[in-house]
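Notes for the one structure printed next.
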Amino acid sequence: MAKKLAKKGNMNDRMEVVLNKFSSRMTSYPPGMCPLVMYRSILQMSMNQSCGKCIPCRDGLVEAERLFDEILKGKADENTLTELKDLCTMISKTADCAVGVVAANTVLNSMEEFADEYESHIKNKICVENVVQTVPCLTLCPANVDAPGYISLIHNHDYAGAINMIRKKNPFPTACAYVCEHPCEKRCRRSIVDQPINIRGLKKYAVDQISADQVETPKANVSTGKTIGVVGGGPTGLTCAYFLAMMGHKVVVYDEHKELGGMLRYGIPEYRLPKEKLDEDIRAILNCGDIEVCLETKVGKDISVEGLKEKYDALYLGLGAQIGNRMPIDNADADNVIPAADFLQNIANGEKIDLTGKDVVLIGGGNVSMDAARTAIRLGAKTVNVFTRKRDDYTALESEIESAKEEGVRFRTLLSFLHLEEDENDKDKICAVWLQPEIVGEFDEYGFVKTEHSSAYPYRFKCDLLILGVGQRCDVEDFDKAGIPTERGRILADETCSVSFEQKEDFGDDTTNSIKNSQGIFSGGDCVTGPSTAINAIAAGQVAAYNIDEYLGYHHIVDYDVEVPFAMPNKCVPTGRAEIEERDPFERRCDFENVEIPMTPEEADRESGRCLRCDHYGCGSMRGGRD
């Protein structure tokens, strides 16, 4: 909780307390609100910041806000928009300080970014279609899981009900409880009061109370006689299989590994996601309906794509992106250079790697890089140095970066790669990495800072093992040869997960007619979007399942037989957020046991009681139903 507002004392200190409280209102802007309303509020804040000395800022911003108001009230025409643009251009060029310049440029940028919204307000006097405030956690969850619903069930101690509520959209309640990046918390309205609800923490509490495979899944619909082939036993493939099986279809899953799970099993270390916990989800999925599994079967080698298409009524390609990228540099194929994804998969497959006393260098700042760095620490590495060129190259969760720092991983930024130094005693290995210091410059059009070489001398870092966390790619070669449209290593599919054959003009003479003229082939997850999160892959599998069902001529609805408790009023009393604590870093860095300490019943009860039930109050009361 922020400091209390003092009745006496320095005025700036007292205002700082108020501003800190108010800043949470900015991060809690609800999804679906009119962007012009948001920009007007930004403009109004800029007006309040004006010192009043220069006319463009003092009077110009007031006039700009008046024009904005006319647009929002439906009283504007094209001349109003032109007047606003000319006015903001003048302010941007003539204002004395950043207050006026930035405010005017913000409005000008909005005219480009939301030109359709301006046009709709001027021509139709309303927002563009589907611009309406929505429940933040529901909207920002890629799979649209009903967070208020299962949080209220947790508050009522109905943990089995909470798990089935999650399963309505996501058959991996346990895996996501452990590793989800929880985008649902990003604009939680509880931030207006104090801090976002710990949604992932509550989900983890539920699956800690009762394992997912002990919670009976809803009864599947009667058999349709249709059979669907699913390529890939990772989160997207198994999600698709789960929903299709629940609808009454028979599903056959093909996976090249010895066990199901994809990157959840082979890409996420044991200390973050214990594999027995993952197996609880997988056992529940396989028990939900008619699902057959073919392991150690590589499509394109052991069975052809054409053969699959002829065998099944529909096909879902959920290949994942499990091949680690290498940098196009000399010595990148040295024996002691390995992509981060390959490194993690080797560990998951039981390979014994002893890094005791070794100096490890890791290039990259994503979540896979953090997993690799923290794994290297646990394998006994003397030093683990992580390097990125820019600060915004650290795309991993802040919590993952902080945990890595606590465990002894060292971070260096503003260093660009120069070259790898070959080991004179072993030409098949490298002995050092050379990096050039950088300085930051202007931001590019996407909002990322540019860098350029510093005049400082390059650094030489001793390296016994170099791990490359520079992305992953999908193995689409055999699918491309079979006529599945691909581009830059990704399968082309639209937002319905239907493979976009019309985007590939030339299929080649070797492509079979069954693929050329194909329908009923769907694809989603990392093989379409590139490497992403588990919840995004799960969302794609869900979308694909329902569209495959429609393609087959059905419109199934699965009854999960779980009701959301009645919403009680929340008094909005500021209350601390219950965090998931981690074991002592000096203890956890020595093993692969799960790092998180479970919530206590008291913490879970208090945290679930903080939920404002936006699904019932506010904009949630305007919805016709929960789905």
Side-chain angles (χ1 to χ4, degrees), residues 135 137-139 141-177 180 184 199-200 202-224 228 235-236 238-251 280-291 534-535 537-550 552 554-567 608 611 613-616 620 623-627:
V135 180
C137 54
L138 274 163
T139 304
C141 173
N144 297 125
V145 176
D146 190 345
Y150 73 74
I151 289 173
S152 62
L153 287 162
I154 292 170
H155 194 61
N156 281 10
H157 303 166
D158 183 0
Y159 308 116
I163 288 173
N164 266 334
M165 178 63 70
I166 296 167
R167 280 177 175 159
K168 292 180 71 173
K169 300 289 186 178
N170 174 8
F172 284 94
T174 311
C176 284
C180 185
C184 51
I199 298 176
R200 183 182 76 84
L202 288 170
K203 186 187 300 181
K204 184 174 182 295
Y205 180 79
V207 298
D208 283 343
Q209 305 314 300
I210 179 171
S211 60
D213 56 348
Q214 298 302 310
V215 179
E216 186 176 356
T217 57
K219 186 178 179 181
N221 286 334
V222 296
S223 174
T224 64
I228 297 94
T236 191
L238 288 179
T239 297
C240 185
Y242 168 80
F243 285 110
L244 288 171
M246 293 295 295
M247 294 169 187
H249 307 301
K250 176 179 175 59
V251 184
E280 291 174 6
D281 281 343
I282 293 176
R283 283 194 290 267
I285 290 170
L286 297 182
N287 289 334
C288 75
D290 194 355
I291 301 177
I535 189 62
I538 289 165
Q542 177 205 127
V543 169
Y546 281 97
N547 283 304
I548 289 171
D549 188 58
E550 294 281 347
L552 295 174
Y554 301 92
H555 187 75
H556 283 109
I557 297 175
V558 180
D559 183 10
Y560 282 80
D561 193 28
V562 56
E563 293 185 4
V564 178
F566 183 76
S608 57
C611 180
R613 290 299 302 272
C614 300
D615 61 322
H616 179 81
R623 296 191 298 134
R626 302 189 69 82
D627 295 322

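In terms of the ring pair (Phe, Tyr, Trp, His ring centres under 6.0 Å) criterion, Y242 has no residue partners (sequence neighbours excluded). Take T224 and apply the side chain to side chain donor-acceptor pair (under 3.5 Å) test, not counting sequence neighbours, and it matches H249. Qualifying side chain to side chain contact (heavy atoms under 4.5 Å, CB included) partners for S152, counting only residues two or more places apart in sequence or in other chains: V564, P565, R613. Remark: Y560 engages no residue in a ring pair (Phe, Tyr, Trp, His ring centres under 6.0 Å) (not counting sequence neighbours). Under the side chain to side chain contact (heavy atoms under 4.5 Å, CB included) criterion, T236 pairs with Y316, A537, A540, sequence neighbours left out. Looking at residues two or more places apart in sequence or on another chain, you find a side chain to side chain contact (heavy atoms under 4.5 Å, CB included) between V543 and C497, N547. Scored by the ring pair (Phe, Tyr, Trp, His ring centres under 6.0 Å) test, H155 finds no partners at all (sequence neighbours excluded). With sequence neighbours excluded, no residue forms a side chain to side chain contact (heavy atoms under 4.5 Å, CB included) with S223. Taking the salt bridge (charged side-chain N to carboxylate O under 4.0 Å, His left out) definition, one finds that K204 meets it with D208, sequence neighbours left out.
In this structure, CD1 on I166 lies 10.0 Å from CG on D146, to the nearest 0.5 angstrom. The CD1 atom of I151 sits 4.5 Å away from the SG atom of C611 when rounded to the nearest 0.5 Å. With rounding to the nearest 0.5 Å, the separation of CG in N221 from NE2 in H556 is 5.0 Å. Interatomic distance, SG of C240 versus CG of L238, reported as 10.0 Å (0.5 Å rounding). For the atom pair D559 CG and K168 NZ, the distance stands at 8.5 Å (nearest 0.5 Å). To the nearest 0.5 Å, atom CD1 of residue I291 and atom CG of residue L244 are 8.5 Å apart.
Using a 4.5 Å cut-off on side-chain heavy atoms (C-beta onward), V207 and E280 make no contact. Residues D561 and P218 form no side-chain contact, since every pair of their non-hydrogen atoms from C-beta on lies 4.5 Å or further apart. By the 4.5 Å heavy-atom criterion applied to side chains, V215 and I210 are counted as neighbours. Here the side chains of Y150 and V562 are not in contact, with every heavy-atom distance at 4.5 Å or above. Between C137 and P148 there is a side-chain heavy-atom pair separated by less than 4.5 Å.
Contact between K203 and P173 at its shortest, heavy atoms only, is CD-O, 3.5 Å. For the residue pair A284 and R167, the shortest heavy atom distance occurs at CB-NH2, 3.3 Å. Nearest approach of D281 to A175, heavy atoms of both residues: OD2-N, 2.8 Å. Listed here is the closest heavy atom pair of T174 and A212: OG1-CB, 3.5 Å. The two atoms that bring A220 and A245 nearest to each other are CB-O, 3.6 Å, heavy atoms only. M165 approaches G149 most closely through the heavy-atom pair CG-C, 4.2 Å.
Applying the salt bridge (charged side-chain N to carboxylate O under 4.0 Å, His left out) test to every pair with at least one member in residues 538-549, sequence neighbours left out, gives no pairs at all. Sorted by first and then second residue, the salt bridge (charged side-chain N to carboxylate O under 4.0 Å, His left out) pairs with a member in residues 211-223 read D213-R283; sequence neighbours excluded.
Ring orientation note: the planes of Y205 and Y159 are nearly perpendicular, at an angle over 60° on the 30°/60° scale.
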- Intermediate values then yes/no, side chain to side chain contact (heavy atoms under 4.5 Å, CB included), Q542 and I538: CA-CA 6 Å; Q542 177 205 127; I538 289 165; 5.6 Å; no
- Derivation and outcome, side chain to side chain contact (heavy atoms under 4.5 Å, CB included), residues I285 and F172: CA-CA 8 Å; I285 290 170; F172 284 94; 3.7 Å; yes
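Looking only at distances, no side-chain donor or acceptor of D615 sits under 3.5 Å from a matching main-chain atom of G620.
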